[in-house]
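Okay, so here's the structure we're looking at.
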Amino acid sequence: MARTRGSWTGGTLTAGSVLKPQDVARAVFHPAWIPQPLDPSVERLKRFRLVAGAVASLGVYTFVEGGFDFTELLENAMTASVVLLFLTPLTVGVMLWVWRRGGTVRQVRTPLLRSLALLVLFVGCVATVVLLVRTVNSSGNVAGIIGFGMVMLWLLVFTAYGAVRVSGNFFGTAAVHRCLPPLLAMVTSWLVAVPDLVTGDLHGLSLTLGVVFILGAPVTVTAIALLEMRRLKRRYGIRLAAHPATHHVTPAPMPPGAPPAGAPYLPPQGNPYGQPHPHAPHPQPPYHPQRPYGG
């Protein structure tokens, strides 16, 4: 279904969507106001960046040392969400200061507020999931466990799919500036790794595994993000240090034979009556109003 302009979800949700939390998450956490991708190659880079960022967020050591702990994963997700709640506006605020000579905050106010709303919505969902898990674990009432459990499972799937979406578009900050998502990916991945590097906490891993697992993800995310920003600069003239109002993205070239943008399609012109007259030696001139007919 086509998205409705001006609507957050783009009109893609129906009454039956409630039974599919992944569809609701796709519509809510990748809203209609997020701009369409400029280049398929940039989108492929975003997918690689997303995978590397997931490795940094989940912490490979959780699976390697001591097995998978769901409660610890939720606590780490809650901590990361709170950090993002402060880190993302701070990073965007720094970039607004960098852009101050190229434009004003008012020019990007609407996408800024929308991105902030998406960030707060996601953090609220994570906090609600953590609260429901604790409630279910501490409840001794069977009916309460079943009721809260059903809501918790739906919200858990909804939030998990939402996390994938916001990791790709970084809370819709591409609507503010195309280079903000890769920048925020770099800042976030290094913020996750730096505390372990400073404290020397390898979480029970050997020195080699600790360095690989702690530095591997942020280094990979940084390399992909820099390549993504480089392509945006070289192909579309989008620079991180330039205010979004100064960008004039050149549309992608049209395929050969396609009509120009904005012009109605006209089929190739020819003789509308089929084959030319066999006795006509050359194309006949059009009727001239000052010449007598047949003259």
In residues 150-159, what donor-acceptor pairs under 3.5 Å come from side-chain atoms, sequence neighbours left out?
residue: Trp154; atom: NE1; partner: Val18; partner atom: O; Å: 2.7
residue: Thr159; atom: OG1; partner: Leu155; partner atom: O; Å: 2.7

CE/Met229 to CZ/Arg234 distance, rounded to the nearest 0.5 angstrom? 15.0 Å

Separation of Leu90 CG from Leu184 CG (nearest 0.5 Å): 10.5 Å

Where do Phe171 and Val123 land on the side chain to side chain contact (heavy atoms under 4.5 Å, CB included) test, with the steps shown first? CA-CA 11 Å; Phe171 310 105; Val123 174; 5.9 Å; no

State the CG-CG distance between Leu118 and Leu113, to the nearest 0.5 angstrom. 12.5 Å

Heavy-atom check, side chain of Ser189 versus side chain of Thr220, under 4.5 Å: no

Euclidean distance, Leu112 CG relative to Leu96 CG, rounded to 0.5 Å: 5.5 Å

Can you name the closest pair of heavy atoms from Ala117 and Trp8 and give their distance? CB-CH2, 4.3 Å

Does Trp97 offer a backbone N or O that forms a donor-acceptor pair with the side chain of Arg100 under 3.5 Å? yes

Could you tell me whether the side chain of Trp33 and the main chain of Arg114 form a donor-acceptor pair under 3.5 Å? no

Atom pair CE (Met186) and CD (Glu228), whose distance is rounded to the nearest 0.5 Å: 9.5 Å

Looking at every non-hydrogen atom in both residues, tell me the closest pair between Ala174 and Pro35 and how far apart they are. O-CG, 3.7 Å

Taking all non-hydrogen atoms of both residues into account, name the closest pair between Ala25 and Gly162 and its distance. CB-N, 3.8 Å

Decide whether Leu183 and Val166 are clustered together by the hydrophobic rule: side chain heavy atoms of Ile, Leu, Val, Met, Phe, Trp, Tyr closer than 4.5 Å, transitively. no

With heavy-atom distances below 4.5 Å as the criterion, would you say the side chains of Phe122 and Val126 are in contact? yes

Heavy atoms of Val221 and Ala185 approach each other most closely as CG1-O, 3.6 Å

For Arg134, which residues count as a side-chain hydrogen bond (donor to acceptor under 3.5 Å, both in side chains) partner, sequence neighbours excluded? none

Mind listing the closest non-hydrogen atom pair of Phe170 and Leu84 along with its distance? CE2-CD2, 4.3 Å

For Arg231, look at atom CZ and say whether over 12 heavy atoms of other residues, nucleotides or ligands are found less than 6.0 Å away. yes

Hey, what do you get for CG (Leu87) to OG (Ser81), rounding to the nearest 0.5 Å? 12.0 Å

Could you see if Val94 belongs to whatever hydrophobic cluster contains Leu119? Use Ile, Leu, Val, Met, Phe, Trp, Tyr and a side-chain cutoff under 4.5 Å. no

Counting C-beta onward and ignoring hydrogens, is there a side-chain heavy-atom pair between Trp99 and Pro244 closer than 4.5 Å? yes

With distance as the sole test, does Thr246 use its side chain to make a donor-acceptor pair with the main-chain N or O of His243 at under 3.5 Å? yes

Heavy-atom check, side chain of Met95 versus side chain of His177, under 4.5 Å: no

Indicate, with yes or no, if Leu180 and Val83 share a hydrophobic cluster defined by side-chain heavy-atom contacts under 4.5 Å among Ile, Leu, Val, Met, Phe, Trp and Tyr. yes

Would you kindly confirm whether Leu116 and Val28 end up in one hydrophobic cluster when ILVMFWY residues are joined by side chain heavy atoms under 4.5 Å apart? yes

Sub-3.5 Å donor-acceptor pair from the side chain of Tyr236 to the main-chain atoms of Leu38, do we have one? yes

Check Arg178 against Gln36 and note the closest heavy-atom contact, atom names and distance. NH1-O, 2.9 Å

Short question: side chain of Asn169, backbone of Phe29 - any donor-acceptor pair under 3.5 Å? yes

Verify the cluster assignment for Leu226 and Val187: are they in a single hydrophobic cluster under the rule of side-chain heavy atoms below 4.5 Å apart? yes

